[in-house]
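For reference, the structure discussed in these notes is given below.
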Amino acid sequence: MADREEDEELQMALRMSLQGSPPAQPEPEPKRSKPPPPAAESPEAEARRKQRELMAAAAEKRLRAAGSPAAVSVARSPPTPPPPQPQLAVVEPPPAPEAAKEEKVEPEPTGVSMEEPKEVEVEGEEEGEELPPDVAEKLWAMVFGEGVSKAVLAQWSNQGIRFSSDPETTMGLVQHEGGPCGVLATVQAYVLKYLLFFSDDLSNPEVSNPLYTLGQRRFYQSSFAAGDDFSSLTDDRKTRALVHAMVEILFLCGTGKKAVVASIACVNCGKTEAVLEGLSVESAMDLQKVLRTSTFTSRKDAFDILLANIPLFESRLGAMLFLISALLSRGLEYIQADRDDPSQPLVTAPFGHASQEIVNLLLCGEAVPNVFDGKMDLGGGMSLKGIPNNVEVGFLTLLESLNLCKVGQYLKCPKWPIWVVGSESHYTVLFALNPNVQEENELEERESRIRRAFDAQDQSGGGGFISIEGFQQVLRDTDINFPSDKLEDLCNAGIIVWSEFWQALLQLDKRAGGMKDPTGLMGKKQFTIFHFNGIAKSVLNGNASTGGSVPIQRPRLCKLNVTVPPRWTQDEYLADVVSASTSGSKDDSILSLAPPVQTSQHAPLVDCIRTRWPRAVCSWSGDVPSIV
């Protein structure tokens, strides 16, 4: 009851301040609500408290603006006759809409102190700025294009960002609709980063700062690994991890300088469910009427408002609002400049899937359409845009195993062992608890070093061959000592082809700079990895009271044991990567280093894993991991 009375008082103070005149009996300061004791505060209570505090601050500032300027001007005026009456009239508060415009122009913080942006920006948090109609039209066309179907709109307007209630998958975001999986899976990847590797720092609003992340990564890569007891995660920790993930993504899109948070008008005036009841967003004008945006230059301020607005992002419009926030943080003009073909909508027809450009925007901050590193020069001043730099969480795709694309090292080797996994129609997440799974062993490091040296001399535009002079430079750079007869054979053709060079290296002892390992074990790797699919599927759940099973809806989490056999013989190199379920082929001998039980399990996910760890052999218990 006390909370309800406080809310009513705040609402009255806010309405009276917006009318442009002080209340009939103004008090020195508006009454502020007292937050509940922090020890027993739940995430929902904290969000409600922050909403009340923001509304109180806004009401107080508007009341001061309405009542105090006159007193201040009189107190500061010299002992000469007072100024004419028209000048006094200037200090009267203007009508509410114009006042809002003036206040919006004021907050242009430039990274001074962490508190200054909050005081200025908080004024508009209960509403935010409207999008101009032309910007709303451009945004709508960019996302959905023309003639978008009601089915696609239904997918994107009925998907919140909320955690699973199932204890086994409580760390995961649940997906009920098919289209927004690209947004959910990418946010999920960042959430896992914070739950796994920043679990002790979730109360620090600056934990998403790249400099802080760098120090933490060095700490974890020394000798530590995260735990897998996901059922023990509290709602507060999960909520804070989600907010940190959102803050990091939005500031990444805003080049580290700003984040734009999209919300719905009047959502802080009452319960989120009541505000959204009956709300339909089927056109640019529908969106423009209800959408409000707030811009932040402080990570702390963005964290606070996102935490206060978590119920909105958990609601049915959550995924759409977060996508809009990311697009506006980047800037619509920059989004279009990032793309190779800006005429196509970001949400693809006819099924409403998130495009690769959306996923890349959330992964690297730019809406580039390709997954290779950097730019690909096509000649004639034309180029294709790929991933510009290293990323926090990465990306693997089944399409690479089908030779339909090539994922670059930036996405394959992210800073944290977490990857969004793409199939033809869905996005899921792969992650490891130990960052060391990405460390190369001695032979892998040597292979990478030789390949880099070869590519540096390749003037064919990636054709895989170099000149004799370039070859001599590669041998010097990598300390490779071929016997004279082998060296002569390699140089006979006048050019050196990578495949022939590599075959020769596989036969050359590693003591002479080659890749031949007499033990056959130095390249072997074993580790555990997890796969999460947020699509809620029916699974059987035992019911002790009836002795039977009942179907329940929950996401799926699969634990995989991975063995990567060494690949240091010519026969193994020449052999293609084949399905472990294929029997009777000469490649069966390749898997001899792995336990026999592993040779019988295969799934499309394994093909994705092999694009990162070639020839990996995987095993798991229970259902086959699904990437669709």
Side-chain angles (χ1 to χ4, degrees), residues 97 100-101 104 124-161 177-180 182-184 187 246 249-250 253-254 259-270 272-296 305-306 309-336 339 342-349 352-355 357-358 361-362 367:
K101 284 185 180 178
K104 295 299 184 302
E125 296 313 344
E126 65 278 358
E127 282 297 319
E129 295 183 357
E130 290 186 10
L131 277 185
D134 61 321
V135 177
E137 290 280 0
K138 185 182 299 184
L139 173 64
W140 185 268
M142 182 185 299
V143 176
F144 295 112
E146 296 182 1
V148 58
S149 69
K150 289 188 176 181
V152 169
L153 290 177
Q155 290 177 346
W156 283 87
S157 58
N158 287 286
Q159 179 62 67
I161 305 176
E177 298 294 337
V183 173
L184 291 182
V187 173
M246 297 168 75
I249 293 172
L250 296 183
C253 296
V260 178
V261 177
S263 61
I264 298 298
C266 294
V267 77
N268 289 333
C269 303
T272 302
E273 296 82 357
V275 173
L276 298 182
E277 185 177 358
L279 178 62
S280 176
V281 181
E282 298 184 352
S283 68
M285 286 302 98
D286 289 343
L287 184 68
Q288 194 270 338
K289 289 176 184 177
V290 299
L291 189 69
R292 300 294 182 268
T293 63
S294 302
T295 302
F296 301 91
I305 194 61
L306 283 168
N309 279 321
I310 275 297
L312 175 60
F313 287 96
E314 291 177 333
S315 75
R316 62 182 179 87
L317 291 180
M320 181 190 291
L321 287 174
F322 187 71
L323 172 59
I324 291 173
S325 299
L327 294 172
L328 294 177
S329 295
R330 175 64 175 158
L332 301 189
E333 297 297 329
Y334 286 103
I335 293 289
Q336 295 297 70
R339 308 171 67 194
S343 66
Q344 298 298 315
L346 292 169
V347 172
T348 62
H353 296 142
S355 65
E357 293 156 312
I358 289 177
L361 172 66
L362 305 184

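The figures that follow rest on heavy atoms only: side chains count, while hydrogens, waters and symmetry mates do not. Everything numeric in this text was worked out from a predicted model, so none of it was measured.
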Please report, to 0.1 Å, the donor-acceptor pairs under 3.5 Å made by any side chain of residues 133-149, with sequence neighbours excluded.
residue : atom : partner : partner atom : Å
K138    : NZ   : E333    : OE2          : 3.0
S149    : OG   : V152    : N            : 3.2

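- Taking OG1 from T293 and CG from L321, the interatomic distance works out to 11.5 Å, rounded to the nearest 0.5 Å.
- Residues forming a salt bridge (charged side-chain N to carboxylate O under 4.0 Å, His left out) with R316 (at least two apart in sequence, or on another chain): none.
- Distance CG/L312 to CG/L306: 10.0 Å, rounded to 0.5 Å.
- Residues I249 and F322 form a side-chain contact, since some pair of their non-hydrogen atoms from C-beta on lies under 4.5 Å apart.
- With sequence neighbours left out, V290 forms a side chain to side chain contact (heavy atoms under 4.5 Å, CB included) with I264, L279.
- Across L250 and A259, no two heavy atoms sit closer than the pair CB-CB, 3.7 Å.
- Side chain of S329 to backbone of V260: a donor-acceptor contact under 3.5 angstrom is found.
- A pairwise comparison of heavy atoms in G318 and I161 identifies O-CD1, 3.8 Å as the closest pair.
- Residues forming a side chain to side chain contact (heavy atoms under 4.5 Å, CB included) with S355 (at least two apart in sequence, or on another chain): L346, T348, E357, I358.
- Here CE of M320 is found 10.5 Å from OG of S315. Values are rounded to the nearest 0.5 Å.
- The OG atom of S263 sits 10.5 Å away from atom CD1 of I324, with the distance rounded to the nearest 0.5 Å.
- The shortest non-hydrogen separation linking A326 to C253 is O-CB, 3.7 Å.
- E130 is linked by a side chain to side chain donor-acceptor pair (under 3.5 Å) to R292, counting only residues two or more places apart in sequence or in another chain.
- Applying the side chain to side chain contact (heavy atoms under 4.5 Å, CB included) test to A319 and every residue at least two apart in sequence or in another chain returns Q159, P180.
- Taking OG from S325 and CG from L291, the interatomic distance works out to 8.0 Å, rounded to the nearest 0.5 Å.
- Residues meeting the side chain to side chain donor-acceptor pair (under 3.5 Å) test with E282, sequence neighbours left out: S280.
- Sorted by first and then second residue, the salt bridge (charged side-chain N to carboxylate O under 4.0 Å, His left out) pairs involving residues 323-332 (not counting sequence neighbours) are R330-D338.
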